[in-house]
A.B. asks: 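Got a structure for you, questions after.
Note: hydrogens, waters and symmetry copies are ignored here, and every other heavy atom, side chains too, is used.
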Amino acid sequence: MKKMTGAQILWESLVREGVTTVFGYPGGAILPAYDAILEYPQIHHVLVRHEQGAAHMADGYARASGKVGVAVATSGPGATNLVTGIATAMMDSIPTVFITGQVGSKLLGSDAFQESDITGVTVPVTKHNVLVTDVRDLARAIKEAFYIARSGRPGPVHVDICKDVQQAKTDFEWPDNVFLPGRKAPAPVNAAKLKAIADMIAEAERPLILAGHGVIESGASAALMALAEKTGTPVALTLLGLGGFPRSHPLCLGMMGMHGEAFANKAIQEADLLLAFGMRFDDRVTGNLKTYAPKSRKVHVDIDGSEVGKNVAVDVAIINDLRVVLEALVPLVADRKHEAWDEEIAKGRSDTHSRDIQHEPHDDTRLLAPHVINDIWRATSGGAVIVSDVGQHQMFEAQYYPHEKPRTLLTSGGLGTMGFALPAAIGAKMACPDKEVWVIAGDGGFQMTQAELSTLQQEKLDIKIAVINNGFLGMVRQWQEFFYDKRYAATPILSPDFTMIAAAHGIDAHRVTKREEVIPTVQKVRESGRPALIDFRVVAEEAVYPMVPAGADLHEMIRRPKRSNPSEVPA
């Protein structure tokens, strides 16, 4: 054993957990740790411009790589600035560890300078948190934090370290094992329940798989495809499940829910068996719970037992790792086809496609957001990692950039955090430097974290940014259009010249106003090998269709009206 300061123990522990990149911002209460990081060149520190950016970068790093993302901040405002990012990671089950400095242990509770009860603040938005007041507890606290963050249902863990703990010395001893009272290893998959599910699949004539984020987090994509293909079962995806099953696959119905495919939602309402895998039946997926999927028996497989029966009653549930369950289920099912069910879904798919804006007449001199996103998909051959912000462009991305592989769409789902995309893309690019990374953001959300352009430039990251600029807080404006008689209160937004903002950061910048300019500009920035921003000036009042109004039945969708000529496209 070797005597080390708490600050040294912190970095030594992170090295032993395989951490190579952290995102953070220094300050007084974390300064001993920042002094000690100079002794650990194997850890690359990314200096952010705002602590919220650090949280989203750690989140994006984890989503892109499957590893644990790490963010560091000081006490008081530094720590509280992390909270939105922590809550974002919590809602979407992202394995992250957040480390903050705290005032000296003898000052706790005294309202010392930059003191805040940050463990009290983060209790509702973390999987676990701990305040370290004794240097002898620090190594164990870090070991436990990483174990908890990545085990079971992943999530954020917060470790708050008093300043005097960072300065104190003790013998460093890295724990070999983690002992957490009450935490049990997953039991073997229940064979009787597996048999029951296999029997239900054999009896079903209109089965449907609902695949969520758990498919990606558990690495269950291959097993999901094997089950779907063997049983001839169509697959509908949640927003965070996109990429977990290839969009081009004949059995893929695309996204379900509030802004999902109309035929996918109709199929849910007509199905006689729903197989819910790694999803939680949230309100954006189900609509009115009283009328949700009334004709079906329901199976739910999830790692988190608290999600089972929380929103939707089910007939059979298995609480275990999804990949393990699916791999055990596939040998038990027989080959099936469902010709009548496939034909019914195909009719719905055809009607949806007839309403698709991509198939409508349009004026090439006017730019629509769906066209921009679909053109980016075409130019990148669907191979980019897309980091989407929150709003209309997020839904257009889900509809018009088909994802074939896991971890190629990173977006804030549960919390819906505007400003997520730019910092999360920095984290994603740090995790996957050889992948093409694109930001798709609105003019509103982009302004929330645009200071991270300096971080992007400082790290010399080749990230492309598409700002879908319509002069509105677009999704809120759409609700005002549909439900508030077009009373646009506080949704028109003035933005700076984004090309000048980018140029001020030393980033290549372009503006596009016509459809014919999209692909040439996208190709130009792709070939440059440099970070770039494109300001896409799209029409102001395009809406996302279909839309299930909040609380409405899932099949009560507002559909895109069929238009006969370009003059009917909204201004």
Side-chain angles (χ1 to χ4, degrees), residues 62-67 89 91-95 150-155 186 189 194 197 201 207-257 260-261 264 267-268 271 273-282 284-286 298-305 307-308 311-312 314 316-330 333 385-386 388 398 401-414:
R63 291 185 199 237
S65 66
K67 301 176 182 178
M91 287 289 281
D92 291 348
S93 305
I94 307 302
R150 63 166 70 100
S151 65
R153 180 178 181 174
V189 180
L194 275 179
I197 295 171
I201 292 173
L208 187 62
I209 292 170
L210 309 181
H213 194 206
V215 172
I216 295 171
E217 288 296 320
S218 67
S221 292
L224 173 62
M225 183 177 292
L227 180 70
E229 291 182 340
K230 191 173 183 181
T231 61
T233 304
V235 179
L237 299 154
T238 67
L239 173 64
L240 294 184
L242 294 176
F245 192 83
R247 184 65 182 86
S248 62
H249 196 286
L251 289 170
C252 187
L253 306 189
M255 187 172 69
M256 67 182 105
E261 300 285 2
I268 290 171
L273 175 64
L274 289 186
L275 301 165
F277 295 150
M279 54 88 72
R280 57 190 178 87
F281 290 110
D282 71 280
R284 289 295 171 105
V285 162
T286 64
K298 299 174 181 67
V299 170
H300 195 178
V301 180
D302 201 281
I303 192 71
D304 185 356
E307 294 294 351
V308 175
N311 296 324
V312 173
V314 298
V316 179
I318 294 181
I319 302 165
N320 213 306
D321 181 86
L322 179 61
R323 181 180 57 80
V324 173
V325 174
L326 293 184
E327 289 177 348
L329 181 60
V330 170
V333 298
V385 173
I386 303 295
S388 172
Y401 196 107
H403 289 272
E404 298 295 305
K405 297 179 180 179
R407 303 192 186 278
T408 56
L409 171 60
L410 316 181
T411 192
S412 170

A.B. asks: Between OG1 of Thr238 and CD1 of Ile216, what distance do you get to the nearest 0.5 Å?
C.D. replies: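 One gets 7.5 Å once the value is rounded to the nearest 0.5 Å.
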A.B. asks: Yes or no on side chain to side chain contact (heavy atoms under 4.5 Å, CB included) for Leu409 and Ser388, after CA distance, side-chain angles and deciding distance?
C.D. replies: CA-CA 7 Å; Leu409 171 60; Ser388 172; 4.2 Å; yes
A.B. asks: Kindly give the heavy-atom pair with the smallest separation between Pro406 and Ser221, and that separation in Å.
C.D. replies: CG-OG, 3.4 Å
A.B. asks: Before you tell me yes or no, could you show the steps for His300 and Phe281 under ring pair (Phe, Tyr, Trp, His ring centres under 6.0 Å), namely the whole-Å CA-CA distance, both residues' side-chain angles and the distance that decides it to 0.1 Å?
C.D. replies: CA-CA 10 Å; His300 195 178; Phe281 290 110; 5.3 Å; yes
A.B. asks: Identify the heavy atoms of Leu224 and Ala211 that sit nearest to each other, and give their distance.
C.D. replies: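 Shortest heavy-atom separation between Leu224 and Ala211 comes out as CD2-CB, 3.9 Å.
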A.B. asks: If you compare all heavy atoms of Ile303 against all heavy atoms of Gly152, which two are closest, and at what distance to 0.1 Å?
C.D. replies: CG1-C, 3.7 Å
A.B. asks: Let me see the working for Tyr401 and Thr408 under side chain to side chain contact (heavy atoms under 4.5 Å, CB included), right down to the final yes or no.
C.D. replies: CA-CA 10 Å; Tyr401 196 107; Thr408 56; over 6 Å; no
A.B. asks: In the structure I gave you, are the side-chain heavy atoms of Leu329 and Ile197 within less than 4.5 Å of one another anywhere?
C.D. replies: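 Yes. Closest side-chain heavy atoms under 4.5 Å.
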A.B. asks: If we count only N and O atoms by modelled type, under 3.5 Å, do the side chains of Glu404 and Ser248 hold a donor and an acceptor together?
C.D. replies: yes
A.B. asks: For Arg407, is there any backbone N or O sitting under 3.5 Å from a side-chain donor or acceptor partner on Arg63?
C.D. replies: no
A.B. asks: Run the numbers on Met255 and Leu242 for side chain to side chain contact (heavy atoms under 4.5 Å, CB included), then give the verdict.
C.D. replies: CA-CA 7 Å; Met255 187 172 69; Leu242 294 176; 4.2 Å; yes
A.B. asks: Could you pull out the closest heavy-atom pair between Ala64 and Leu410, with the gap in Å?
C.D. replies: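 Taking Ala64 first and Leu410 second, the nearest heavy atoms are CB-CD1, 4.0 Å.
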A.B. asks: Please determine whether side chain to side chain contact (heavy atoms under 4.5 Å, CB included) holds for the pair Leu239 and Thr411, giving the CA-CA distance in whole Å, both sets of side-chain angles, and the decisive distance to 0.1 Å.
C.D. replies: CA-CA 9 Å; Leu239 173 64; Thr411 192; 4.0 Å; yes
A.B. asks: Kindly indicate whether the side chain of Ile201, heavy atoms from C-beta on, has any atom under 4.5 Å from the side chain of Leu273.
C.D. replies: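 Yes, side chains in contact.
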A.B. asks: Please examine the side chains of Ile209 and Pro234, heavy atoms only from C-beta on, and report whether any two atoms are closer than 4.5 Å.
C.D. replies: no
A.B. asks: Just by modelled atom types, is the Ser412 backbone N or O under 3.5 Å from a matching donor or acceptor in the Asp92 side chain?
C.D. replies: no
A.B. asks: Check ring-ring contact (aromatic ring centres under 6.0 Å, His included) between His213 and all other residues, then give those that pass, not counting sequence neighbours.
C.D. replies: none
A.B. asks: Is a donor on one side and an acceptor on the other found under 3.5 Å between the side chain of Ser65 and the backbone of Lys67?
C.D. replies: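 Yes, the answer is positive, given that a donor and an acceptor are paired below the 3.5 Å cut-off.
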A.B. asks: Nearest heavy-atom pair of Leu322 and Ser218: which atoms, and what distance?
C.D. replies: CB-OG, 3.6 Å
A.B. asks: Does the side chain of Asn320 reach to within under 4.5 Å of the side chain of Val301, using non-hydrogen atoms?
C.D. replies: no
A.B. asks: Taking only residues two or more places apart in sequence, or in another chain, which ones meet Phe245 in a ring-ring contact (aromatic ring centres under 6.0 Å, His included)?
C.D. replies: His249
A.B. asks: If you round to the nearest 0.5 Å, how far is CG of Asp304 from OG of Ser93?
C.D. replies: 7.5 Å
A.B. asks: Closer than 3.5 angstrom, by distance alone: can the side chain of Asn311 be matched with the main-chain N or O of Arg280 as a donor-acceptor pair?
C.D. replies: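 Pair found, side chain donor or acceptor close to backbone of Arg280.
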A.B. asks: Among Val325, Val308, Val189, which residue meets the side chain to side chain contact (heavy atoms under 4.5 Å, CB included) test with Ile319?
C.D. replies: Val308
A.B. asks: Are Glu307 and Arg153 within salt-bridge range, i.e. N to O under 4.0 Å?
C.D. replies: yes
A.B. asks: Got His403 and Ile386 here, is their nearest side-chain heavy-atom distance under 4.5 Å?
C.D. replies: yes
A.B. asks: Calculate, to the nearest 0.5 Å, the distance between atoms CG and OG1 belonging to Leu251 and Thr233 respectively.
C.D. replies: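 Nearest 0.5 Å value for the CG-OG1 distance: 7.5 Å.
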A.B. asks: Only one of Leu274, Thr286, Leu253 passes side chain to side chain contact (heavy atoms under 4.5 Å, CB included) with Ile268; say which it is.
C.D. replies: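 Among the candidates, only Leu274 passes.
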A.B. asks: What pair of heavy atoms forms the shortest contact from Ala62 to Ile94, and how long is it?
C.D. replies: CB-CG2, 3.6 Å
A.B. asks: So for atom NZ, which belongs to Lys230, do other residues, nucleotides or ligands contribute more than 12 heavy atoms lying within a distance under 6.0 Å?
C.D. replies: yes
